[in-house]
Number of protein chains: 2
Amino acid sequence: MLPQEVSAIIEEMRAERIRGASWLARKGAEAYIILSQILEGEELKKALEEMRREIPLANKTMASLYNLAQFIPITHDPNLVRAKAEEFIRLGEEAKREIGNIGSELIDENEIVITHSFSSAVVEIFRTAKRKGKSFRVILTESAPDYEGIALAKELESLGIPFEIITDAQLGFFAGKATLGLVGADNITRDGAVVNKAGTYPLALACHDNHVPFYVAAESFKLHPKLSSDEVEIIERPYARQGYRIRNFLFDITPWKYIRGIITELGILVPPKEI
Amino acid sequence: MLPQEVSAIIEEMRAERIRGASWLARKGAEAYIILSQILEGEELKKALEEMRREIPLANKTMASLYNLAQFIPITHDPNLVRAKAEEFIRLGEEAKREIGNIGSELIDENEIVITHSFSSAVVEIFRTAKRKGKSFRVILTESAPDYEGIALAKELESLGIPFEIITDAQLGFFAGKATLGLVGADNITRDGAVVNKAGTYPLALACHDNHVPFYVAAESFKLHPKLSSDEVEIIERPYARQGYRIRNFLFDITPWKYIRGIITELGILVPPKEI
């Protein structure tokens, strides 16, 4: 049995609708820090064993949770748990800054970037590109039914980056007007497929059909060392309109061959030529 | 100057948000019938000349309006105008029935048909397939922001055809679960591109990527003899959410090469091999 304070955080992670892999990873790391403040010795070790199973189950689509649970050692020592959890958070923050540096180099003057849903890594790239003095604009989807696009629009507004919002169904129409496709990811499988908000896959197809390079920004902790694309379990959340149940699978899977590169803090991963 | 009663119908056609090419064509034909009840002789002839310009302008994306305006002769004789307008309506009804007959043959037992938006030709195919005793199910998009999908769901419910509604952004995810793609069209250009509700193009791409055959159902009056795909002007309607303007182009353009066939009352048109 995990302490109540820790279970409550895992429950919050399980219920989260909007925020993605980075938020979940940070929240998971915070759960470890709280655990290290409550337990020690054999009790801590038992709880850490349970956490290694439970943290990834909070959201099975998220490699970040799997990698977090692997990153924290199973130990009697609360100080070690705390230090490793803090290191995980710090590495994540550094990774995002470095993704901003690397990714912003892909944005040329007058670039028109099309994106889908809300990704904090993508926002970091936009922020860095703006700070480097580049002028570019963004086409973004509203991202029904949770409308993460409106949250992104607010960020862009505060950064002074011009943008247009489109309905999700127009992503094909607008891909032809963009010069660069750029999205985040919740998970990258070991065969290179990108698990991200549903709509990413058709956007990648439309970019490909229009010869618009399509990039994914993701911290390396989103690379899942074990999961393959056919093992991904896509979470569904309830949604209804006018009394009708509407299917609401949160993610789709974009095959490696439609992705020009995955921007990580370690550099840009490029698909092998034979794909 | 057109009579007030006729101008009012054209204005209604111009303002229509939801209903597509078939409804507009019928409404246009009714405008001609009303005109034939009000004017005759030289006045009628002058009004018919104006109608030949004005009717297509009510919605420039709609080949049906162009073809209707060409179909009605410029004459002094109100009886001829009325007869031709009634013939246009009757031919349209016959075309739809025949599309139902031809298209329903494409639906095999246990077929899973994915569609987008609302098309009366597609509904006719479903109705005929059901009457022929076939059992199949339909995956349909909600079609934001006007939610034509809910109207389709109601039709399917009344026909006793099982269905699932999805958000527009999931069309890629669900294309892989379908065995047949089927949509209507508002306009087919002379180079074979399909102008239909925005979202059709990414659905066609996703069907293509998943080896799911993608068909379009359209009366032959939707074939535009003059317009090419690069001349299509896509209409935009106002739409906003949380104080943000959201782009809302109604249609997108699906190239011929992603379409397995266009189901018309004359038979199924198939793209030439070299595409």
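Lettering follows sequence order; numbering is per chain, from 1. Predicted model, so just to flag it, every value in this text is computed and none were measured.
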Within a 6.0 Å radius of atom NZ on A:K96, are there more than 12 heavy atoms belonging to other residues, nucleotides or ligands? yes

Exam field: side chain [X] to backbone [Y], donor-acceptor pair closer than 3.5 Å:
X      : Y      : result
A:D209 : A:L205 : no
B:T141 : B:D168 : no
A:T128 : A:S104 : no
B:S220 : B:T264 : no
A:N187 : A:N196 : no

Considering only heavy atoms and a distance below 4.5 Å, find which of [options] pairs most often with chain A.
options                        : answer
B:K154, B:H208, B:K197, B:H116 : B:K154
B:G172, B:G176, B:A175         : B:G172
B:L203, B:T200, B:D252         : B:D252
B:I150, B:L250, B:I139, B:T167 : B:I150

Flag this pair as yes if the NZ/CZ of B:K130 is under 6.0 angstrom from the six-membered ring centre of B:F126 and inside a 45 degree cone about the axis; otherwise no. no

B:Y201 versus chain A, heavy atoms under 4.5 Å apart: side chain, backbone, both or neither? side chain

Residues of residues 221-247 of chain A with any heavy atom under 4.5 Å of a heavy atom in chain B: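 Contacts with chain B: A:I234, A:Y239, A:R241, A:Q242, A:Y244, A:R245, A:I246, A:R247.
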
For this output row, return yes or no: ring centroids of A:F251 and B:F173 closer than 6.0 angstrom.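 No, the ring of A:F251 stays outside the 6.0 Å limit from the ring of B:F173, centre to centre.
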
